[in-house]
Amino acid sequence: MPARKATNTASAEKKTKAPRKTKAPLTTRENLSALIGTARKILRKDKGLNGDVDRLPVLTWVMFLKFLDDLEIRHEEESELDGQPYQPIIEAPYRWRDWAAREDGISGDELLAFIGQDTAVRADGTKGKGLFAYLRGLGGTGEKGSQREVVANVFKGIQNRMVSGYLLRDILNKINGIHFSASEEMHTLSHLYESMLREMRDAAGDAGEFYTPRPVVRFMVQVMDPSLGETVLDPACGTGGFLVEAYDHIAPKVKTTEQRRVLQRQTLFGQEAKPLPYMLAQMNLLLHGLEAPQIAYGNTLDRRLNEIGHAERVDLILTNPPFGGEEEAGIKGNFPPNMQTAETALLFLQYIMRKLRVAGAPVPGGKAAARGGRAAVVVPNGTLFGDGVSAVIKEELLKEFRLHTVLRLPQGVFAPYTDIPANLLFFERGGPTDTIWFYELPLPEGRKKYSKTAPLQFEEFASALAWWSDRQPGPQAWAVDFAAKRSAAVEAATPHWQKAEAERSAVLALGKPLRELEQAISAAANGEKAALQERLRELKAQQQRHEQAAKAAQADGDALYWPTYNLDIKNPNAKAGLEHADPKKLIESMRGHEADVMRLLGEIETLVVQVGAGGEIAA
């Protein structure tokens, strides 16, 4: 028996397992990352969605409605504590809690019909407007700029592209697990959302126009240093990156309830013309803590420039207007006749100039502006070297504003959306421009350009940030005395312009004799007309010579003056690559090398002859 007992004991020992290690609880970030990750996997199963460009908008409008309901619940509770009635933005049965919150709520075709159709059976069993139809109709029920109008604008251009109502129900159940009233979750989700926006930019070329790389945004905001009490505008706000960064920059300085109200309601403004980025911007700003984003919906350029008065001007503009786009003829008509162009970037530049505050002019509240408005703007290379209308716009910029800095970005910063080289212009109202500082951001050692897989990092702006507050010429920085350059150009061009003016005066002076001669021919007898007509031909030929001389002299003067406004100034400290070399010098260099090659070939030929003849080659 003792042996049997021992066997049982051994068996018991075999069955005893080592205690499992308890897993550490997931952090808020890990929970949310997993939740969003699962939701994205579900979206990939839906046959109606084609890539992240379709999936992120679905995730956004779902999160937007959940966020709004969480916000409304909080406001309802606050109103109840204050004993005040609450007017909801969205009413039953269209609130998230009415149709989306229950895991076993409406699903399948019934859910798709409720969301997308004009009329549908709602979650409470009654028949009425579909969800999107109801939300789009909110625009006519609230004041301009109200949250109801915002909701209506968000859903104006949104279509539900999902074809499976069961997968959509799974998405609703996942997003229902997010608590938008918890600040820690909001902070984490804002970063996750930013990364999704970045992925969306990478997934489709034309979506990239809505997204400016965050290192560029952060640098522009840091050097412009927006402060509480200033008005900040992005007139082409895309997904809201500049406004988010400006909010994060100012928020730590807020100390009182009144300051918080000013930041929330009177500081950050934007405008966006396309429905998708408009919705993405709203969500981005909401997640970062701006409770009622002041984003206007519509084309910023759809307004006559001369109608913008002092009351509408702002302290700071941070923006990356669209590159390469073209506007319709009706939009061009909103701009001065000599500055009309289809190029979107140039129209936005004029708009920005007009919108900047004028020092000493009245501002809302009755005070006078202490300083002129300032701007940081992304522009393509074409804006720097463009002539014609582009040069006229830059003439106005450099006359009325102080363009103090041009930061030249390396190639590939905006890849894969565009490979067009870009620049950052920094200017403020109160010209004319005297000295322009240029700074060429260097590429990391061994790199030829940035790319989608190896993008620009914020740390690579460190040298530019250090230089910004202590400007000295160096390998990456150089200054151009624009005032002296323009003065020299005017001095050189003036004699030609004066000659052109004299020739034009001569043309005008011949006008009266020509008219008198034409009248004399009409009244003359037949025998006298031939001589008078010959004299008329001589005067007209003389007038034509003056006109041609005026054109030539004007062109000579312009050729000396307008190149002054070519701001595509290369780094004088850099080694010139072939693409920037002077063509004449390049040809001279090639001819010099050709002579060397021919000399060496001659020497080799002589050596070959010597070897063939049995001669010895000297050491």
Do [X] and [Y] come within less than 4.5 Å of each other through their side chains, counting heavy atoms only?
X	Y	result
Leu233	Lys355	yes
Met353	Leu349	yes
Val232	Leu316	yes
Met162	Leu167	yes
Ile89	Val151	yes
Gln147	Leu71	yes
Met196	Arg40	yes
Ser164	Lys47	no

**Request:** Please test Asp46 against Arg55 for salt bridge (Lys or Arg N to Asp or Glu O under 4.0 Å), starting from the C-alpha separation and ending with a verdict.
**Result:** CA-CA 9 Å; Asp46 193 275; Arg55 293 177 199 129; over 6 Å; no

Can you give me the closest heavy-atom contact between [X] and [Y], atom names plus distance?
X	Y	answer
Ala236	Pro322	CB-CD, 4.1 Å
Leu409	Phe461	CD2-CZ, 4.2 Å
Phe219	Phe458	N-CE1, 3.8 Å
Ile352	Pro235	CG1-CG, 4.4 Å

Can you list everything that forms a salt bridge (charged side-chain N to carboxylate O under 4.0 Å, His left out) with [X]? Sequence neighbours excluded, please.
X	value
Asp225	Lys253
Glu326	none
Lys66	Asp70
Arg102	Asp104

**Request:** Please report the C-alpha distance between Arg354 and Glu307 in whole Å, then the side-chain angles of each, then the deciding distance to 0.1 Å, and finally whether the salt bridge (Lys or Arg N to Asp or Glu O under 4.0 Å) criterion is met.
**Result:** CA-CA 10 Å; Arg354 180 73 183 187; Glu307 291 176 359; over 6 Å; no

**Asked** So, Arg303 versus Tyr351: side-chain donor-acceptor pair below 3.5 Å or not?
**Response** no

**Asked** Do Glu460 and Tyr450 meet the criterion of a side-chain donor-acceptor pair at a distance under 3.5 Å?
**Response** yes

**Asked** Can you pull the salt bridge (charged side-chain N to carboxylate O under 4.0 Å, His left out) pairs that have at least one residue in residues 276-285, sequence neighbours excluded?
**Response** none

Partner residues of [X] under the ring-ring contact (aromatic ring centres under 6.0 Å, His included) criterion, sequence neighbours left out:
X	value
Phe348	none
Phe67	Phe180
Trp99	Trp96, Phe114

Residues in side-chain contact (heavy atoms from CB on, under 4.5 Å) with [X], at least two apart?
X	result
Ala113	Gln117
Pro88	Glu72, Tyr86, Glu91
Thr231	Phe269, Val314, Asp315, Arg357
Glu343	Thr341, Ala345, Leu346

**Request:** Kindly say whether Gly270 contributes a backbone atom to a donor-acceptor pair with the side chain of Asp234 at under 3.5 angstrom?
**Result:** no

Under-4.0 Å salt bridge between [X] and [Y]:
X	Y	answer
Lys332	Glu327	no
Arg97	Asp69	yes
Lys45	Asp170	no
Arg74	Glu291	yes
Lys156	Glu149	no

**Message:** Can you confirm if the NZ or CZ of Arg136 lies within 45° of the ring axis of Phe155 and under 6.0 Å from the centre of its six-membered ring?
**Reply:** no

